[in-house]
Amino acid sequence: MARSKDTTTAIDFKLAEDILRRNDRGGYCVPTDGLYPFQWSWDSAITALGWMEFDERRAWQEAETMFAGQWDNGMVPHILFHKDAESYFPGPDVWGSDKKIPSSAISQPPVWATAIRIMYEQASDRTLATEKVLELLPKLVAYHQWWYRERDPGKTGLVCSYHPWESGMDNSPAWDQALAAVPEVDWSYQRRDLGHVDADQRPHKPEYDRYLYLVDFYKRHGFDSQYIYDHCPYKVVDIGIVSILHRASDDLLELCRIAGQDQGVSDLTESTQRTRSAVDRLWSDERQCFLNHNLISGAPIDEVTTATVLPLFGNLANKEQAAAIAELIDSWLDATKVGLSSTHPSSPRYESQRYWRGPVWLHINWMISLGAESYGYPELARRLRNTTRDCVTASGFWEYFDADTSAGCGGDDFTWTAAVALYWLTD
Ligand code: DGY
């Protein structure tokens with residue numbers, strides 16, 4: 001059952017600060033107690049923006065703790081298992097990586113460089129900000145080089161993703177077909193998420209069986225990048241990741257310029273140019289937005305989701321494409337009580353409160369709003385911010401919000417929801 005609190009007229013920012021403090025486990029925040037008891041990468045980047053509003057040193061720590069778990073090949077894992085916790089499955093034993101900080105073996109949308117640039121630009125403590133950026137820069141460069149090198153070895157300009165969890169939009173209907181081709185695991189397991197959240201807000205078992213098959217697959221093949229690229233039964237071009245990576249690379253290049261550092265710069269510049277030339281291949285005249293592509297079948301994925309409009313944030317749309325996307329988002333917002341619903345409500349697979357199949361996520365609205373603003377659609381940007389505010393004032397700091405009712409769903413007292421409120425919804 002989705003939950004609504006008594007409607008309030010203003011956001012309680014003190015409560016938002018308290019949520020960050022309560023979810024702090026010493027240098028990193030868990031997304032929410034119980035359901036997600038570790039450090040997640042893109043959650044953590046958004047969380048750092050929230051900390052910036054009242055504790056800059058702690059904000060930088062969020063990044064340091066995450067990058068302490070970076071793999072030697074440059075990958076930043078999507079989860080760092082800093083401490084044991086019984087309340088989550090699959091834990092480090094299932095992932096089976098042997099790193100100094102136990103971790104998952106996939107990444108997540110690489111929003112870090114964008115967050116770090118914002119933090120650097122808004123920091124009051126300039127000395128601290130400069131010191132931290134100089135420490136983080138080589139790690140960020142290695143991370144971006146990893147994406148381009150390992151996830152696009154053929155230099156097509158479009159990196160690929162090996163797991164729905166890597167998209168951060170885990171249960172999006174965009175992944176249904178590609179995931180259906182993955183075998184199910186042949187061992188039994190006990191899910192822990194259903195002990196925290198109603199089953200009608202979470203993925204079904206057949207999806208979990210395949211999520212776990214993939215986790216097993218990487219482990220069985222010794223995390224061998226080339227083997228996984230050649231044989232992984234799930235391989236998609238996720239336009240959300242492509243867009244977030246592209247914007248973050250531009251932000252990273254700007255940070256390198258400011259710091260006077262040229263290590264990796266020509267490499268990254270070439271990679272971003274390749275993406276810019278390739279992205280039109282993902283445009284759909286019929287849908288008037290970009291589409292994800294299934295690299296195994298070679299087919300576009302005909303599902304309009306919030307990822308398919310993220311090229312606005314990635315600065316990857318041309319003027320005409322941006323205008324079409326802005327119009328699409330406007331009518332999309334008209335169709336639900338609060339927006340932007342993660343899946344377009346006209347989709348037969350739309351479900352207003354199931355994980356990534358319809359609900360609203362605040363950080364996605366922030367990204368799309370930033371994109372709308374930069375393409376010259378300030379009214380649309382404002383509309384996105386207002387509807388985001390409506391979610392929080394109606395229901396509080398939930399993980400996500402039912403697009404048809406604005407009721408809170410998933411985990412409560414959610415870190416990135418509080419962080420987005422602190423960073424973006426204060427006046
Ligand atoms: C989960 O377990 O639902 C997480 O989103 C995986 O990253």
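Index from 1, following the sequence. Whatever order the structure lists ligands and atoms in, that order sets their numbers, starting from 1. Computed from heavy atoms alone, side chains included, the values below leave out hydrogens, waters and symmetry copies.
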So, taking the atom named OG1 in T32 and the one named NE2 in H196, what distance separates them when rounded to the nearest 0.5 Å?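 That separation rounds to 9.0 Å.
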Below 4.0 angstrom from a heavy atom of W165, which ligand 1 atoms are there? Numbered from 1 as shown, please.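 Near W165, meaning under 4.0 Å from one of its heavy atoms, ligand 1 has 6 (C).
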Quick check on contacts: which atoms of ligand 1 are under 4.0 angstrom from a heavy atom of Y355?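 Counting atoms of ligand 1 from 1, those under 4.0 Å from Y355 are 3 (O), 5 (O).
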Sequence neighbours excluded - salt bridge (Lys or Arg N to Asp or Glu O under 4.0 Å) pairs with any residue from residues 138-149: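 Sorted result for residues 138-149: empty, none.
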Which residue owns the protein heavy atom closest to [atom], what's the atom, and how far is it?
atom	answer
atom 7 (O) of ligand 1	H78 NE2, 2.8 Å
atom 2 (O) of ligand 1	Y88 OH, 2.6 Å
atom 4 (C) of ligand 1	D170 OD2, 3.5 Å

Check whether the ring centres of W361 and W356 lie less than 6.0 Å apart, and answer yes or no.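 Yes; W356 has its ring centre under 6.0 Å from that of W361.
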Does ligand 1 have an atom that lies less than 4.0 angstrom from a heavy atom of Y211?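 Outside the 4.0 Å threshold, so no.
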Heavy-atom contact check, 4.0 Å cutoff: does W40 meet ligand 1?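 Yes.
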Answer yes or no: is there an ion pair linking D176 with R357, defined by an N-O contact shorter than 4.0 Å?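 Salt bridge present between D176 and R357.
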Under 4.0 Å between a side-chain nitrogen and a carboxylate oxygen: does that hold for R385 and E373?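 No, R385 and E373 are not salt-bridged.
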Part of R202 within contact of ligand 1 (heavy atoms, under 4.0 Å):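 The side chain, only.
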Partners of W42 by ring pair (Phe, Tyr, Trp, His ring centres under 6.0 Å), sequence neighbours excluded?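 Partners of W42 by the ring pair (Phe, Tyr, Trp, His ring centres under 6.0 Å) criterion, ordered by chain and then number, come out as H363, W416.
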